[in-house]
Amino acid sequence: MAGICCGLVGESEPSATAEPSSRGSRLRILEPRPFKFVADVALPPASENGRKRQRVEVMPSEGIGSGREARKARVEEEKGKGASEVKVARATDGSTSSRDNLQVEPQESPKFGFTSVCGRRRDMEDAVSVEPLFCSESPQKPNGLHLFGVFDGHGCSHVAIKCKKRLHEIVKEEIGSYRESSVQWKEAMQRSFTRMDSEVQEWSDVAKTSNCRCELQTPQCDAVGSTAVVAIVTPDKIVISNCGDSRAVLCRNGVAIPLSSDHKPDRPDELERIQNAGGRVIYWDGARVLGVLAMSRAIGDNYLKPFVIPDPEVTIVDRTAEDECLILASDGLWDVVSNDTACGVARMCLRAQRPPSPPRSPGSSDLAVGANAESSDKACSDASILLTKLALARHSTDNVSVVVVDLKRDHQR
Amino acid sequence: MAAATTAPNPIRRNSSFSPERESFHKFFECWLAEQNQHLHDLISASSPARDGDDQALRPLIDRVMLHYEQYYKAKSRSAKQNVLAMFSPTWRSSFEDAFLWIGGWRPSMAFHLLYSKSGLQLEAQLAELIRGLATSDLADLSPSQLALIDDRQRTTIHQEKAITEKFAKHQETVADASMVELSHTITEMMRAGGGDAAVENEAEMEEEVESALAAKEEGLEEILQMADDLRLSTLKEILNILTSMQAVHFLIAAAELHLRIHEWGKKKDEAQAQTHHLEAHATAQ
């Protein structure tokens with residue numbers, strides 16, 4: 001089944017156990033959970049928390065004093081974009097008409113939900129990118145691809161916002177460059193991230209009129225960067241590219257499978273890479289590159305190059321029938337909610353709103369299917385919002401951004 | 001009634017008597033007693049059975065909000081008489097005083113209060129929420145509510161920063177050229193001492209000092225008004241976003257926190273005063 005093409009994934013995971021989707025099993029899973037939550041609360045990753053908090057204080061300190069007007073402009077700009085960053089998206093499902101013809105999937109619209117809030121921070125530096133059907137793989141494979149991304153900025157929000165606006169366009173160009181041949185995902189994504197990084201750099205050099213906190217003034221501007229965890233969902237694959245300490249987790253048959261490995265300066269291979277490049281990792285309230293940045297890879301952060309690099313680690317997973325959902329989130333969630341808990345909550349939300357087994361009879365009307373599709377998307381946003389609220393409940397001190405993508409293919413069963 | 005509201009207040013950190021100060025102090029004690037009564041009403045109204053009973057809940061919420069409005073109106077009136085008293089509130093405990101932002105609670109704190117209370121209620125009912133059951137309290141914030149709250153939070157923080165900045169600028173004017181010159185002139189006069197001309201001059205200078213200080217106080221009054229407006233508008237906006245039952249839960253949390261912190265602070269002050277008194281006694285002997 002699972003063709004996981006990356007060594008860092010899944011090796012230590014417990015084997016998946018088949019879980020009948022009966023009400024009984026749902027209750028059984030729910031019962032012990034409160035204790036689990038208590039345990040999680042009792043054992044917070046203290047060192048990580050401390051590290052994060054420190055990062056937050058260290059990075060923007062120089063940029064704060066001078067940017068009042070800029071902040072004002074930024075807030076207004078963000079407000080102008082719509083209700084706010086907390087948007088819950090619901091894709092309309094195009095699958096209703098294709099039910100009669102199960103073999104053909106013209107455009108599988110994804111079901112997803114996302115939430116992004118300022119939380120207990122005083123500045124919003126997260127950005128979320130949701131691009132359903134943003135391009136197709138090739139003329140031979142016209143099925144739409146979907147891109148989801150979470151970008152957790154530091155120093156200021158402009159790099160994260162730039163990634164949200166541009167990265168999917170860059171990825172689309174890179175995919176397009178393969179024309180007839182099949183896409184080499186790893187190199188395509190690595191090139192995309194490199195291009196994204198240089199665009200951020202060029203843009204910072206050019207942009208004189210800025211409206212963000214750092215005011216794009218060097219040296220402050222050089223101290224701005226962002227994590228990037230990007231998922232491209234194809235009809236048969238999930239491609240995760242990660243740079244920094246945001247994270248993607250796949251929920252497969254009830255088991256949480258991390259699809260990215262956080263880039264922390266004290267991760268042995270990262271430590272070695274940094275030292276080989278002539279850099280140092282200083283333990284100053286947690287491991288930090290040159291005693292400053294608490295992650296070892298990021299987009300931006302010019303002044304920490306070549307120690308902090310924008311190269312993503314790319315993980316490619318074949319989709320299986322057991323896949324339930326994909327969660328992308330910033331460390332505002334992961335600092336206080338474990339992978340397993342997040343998966344448990346998300347799949348419960350998705351299951352709670354699916355019709356109970358047995359599945360619909362073949363004779364059920366299109367209307368019923370449509371309603372189901374709608375509620376399923378509601379389920380995704382419910383899951384993202386519940387995870388966000390859980391993070392806030394557990395005293396997350398950071399911005400919290402969560403994307404939940406439903407990977408079940410209801411209309412195939 | 002809460003002990004704090006009836007107990008005499010032996011602590012006067014600022015002994016300078018002022019009628020406005022005294023009357024606001026009394027007003028505050030009454031207001032606390034009323035808040036305590038409202039808290040009881042809110043708690044009785046918060047039983048799940050009352051959920052959706054807007055006809056019963058709305059008037060209560062409106063009454064509590066009106067109470068907050070009355071507080072700020074009274075405060076504004078007193079500030080016009082004596083703004084300095086509002087910046088060194090003898091009716092607050094030292095603990096509360098230490099956490100004040102421009103003469104009151106920090107507006108962005110309201111969102112932390114909301115998130116903390118919501119979080120506690122969420123953890124208590126997570127299983128129900130996962131199953132998609134409604135809990136009708138703050139655990140049940142909908143996506144659109146969370147979006148509105150997040151938006152309002154950013155607006156509040158933005159305005160809070162703007163007022164802080166304005167306050168900083170005003171504080172810096174204490175050392176502006178006219179104040180420095182005035183302080184120098186007066187010092188020189190004091191050194192020179194006596195003489196009829198000096199006495200005449202002194203009266204003139206005193207007037208000048210008074211008008212200089214009055215300008216500083218006017219600035220304070222304006223900033224205090226802005227800060228209080230932001231406190232009240234933040235509170236109102238949050239309540240507008242919440243359902244009636246959620247609003248009741250939020251107001252309960254706000255009142256509980258306010259009343260208990262006040263009591264704890266008072267106790268601390270009393271204990272401190274006791275120690276101080278004993279030490280003074282020992283030294284005297």
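Note on naming: letters A, B, ... go to the chains in the order of the sequence lines (proteins, then strands), and numbering restarts at 1 for each one.
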If you measure from [atom1] on [X] to [atom2] on [Y], what distance do you get to the nearest 0.5 Å?
X: Thr388(A); Y: Leu141(B); atom1: OG1; atom2: CG; result: 11.5 Å
X: Leu146(B); Y: Ser384(A); atom1: CG; atom2: OG; result: 9.5 Å
X: Arg121(A); Y: Gln153(B); atom1: CZ; atom2: CD; result: 11.5 Å
X: Ile385(A); Y: Gln145(B); atom1: CD1; atom2: CD; result: 9.5 Å
X: His158(B); Y: Asp123(A); atom1: NE2; atom2: CG; result: 12.0 Å

Does Lys267(B), at its NZ atom, have more than 12 non-hydrogen atoms belonging to other residues, nucleotides or ligands within less than 6.0 Å?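 Incorrect, the count does not exceed 12.
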Report, as yes or no, whether the 6.0 Å neighbourhood of atom CD on Glu181(B) holds more than 12 heavy atoms from other residues, nucleotides or ligands.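 Counting other residues, nucleotides and ligands, CD of Glu181(B) stays at 12 neighbours or fewer.
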With a 4.5 angstrom heavy-atom cut-off, which part of [X] approaches chain A: side chain, backbone, both or neither?
X: Ser108(B); value: side chain
X: Tyr115(B); value: both
X: Ile149(B); value: neither
X: Ala139(B); value: backbone
X: Glu160(B); value: side chain

Looking at every non-hydrogen atom in both residues, tell me the closest pair between Gly119(B) and Ala393(A) and how far apart they are.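 Distance-wise, the nearest heavy atoms are CA-CB, 3.2 Å.
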Lys161(B) and Arg122(A): which non-hydrogen atoms are nearest, and at how many Å?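 For Lys161(B) and Arg122(A), the tightest heavy-atom pair comes out as NZ-O, 3.7 Å.
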Among the options Ala391(A), Cys118(A), Ala346(A), pick out the one with the most heavy-atom pairs lying under 4.5 Å from chain B.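 The option with the most such pairs is Cys118(A).
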With distance as the sole test, does Lys389(A) use its side chain to make a donor-acceptor pair with the main-chain N or O of Leu122(B) at under 3.5 Å?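 Not confirmed, Lys389(A) side chain does not pair with Leu122(B) backbone.
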Taking the side chain as every heavy atom from C-beta outward, state whether Leu126(B) and Leu386(A) have any pair of such atoms under 4.5 Å apart.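 In short, these two side chains touch, coming nearer than 4.5 Å.
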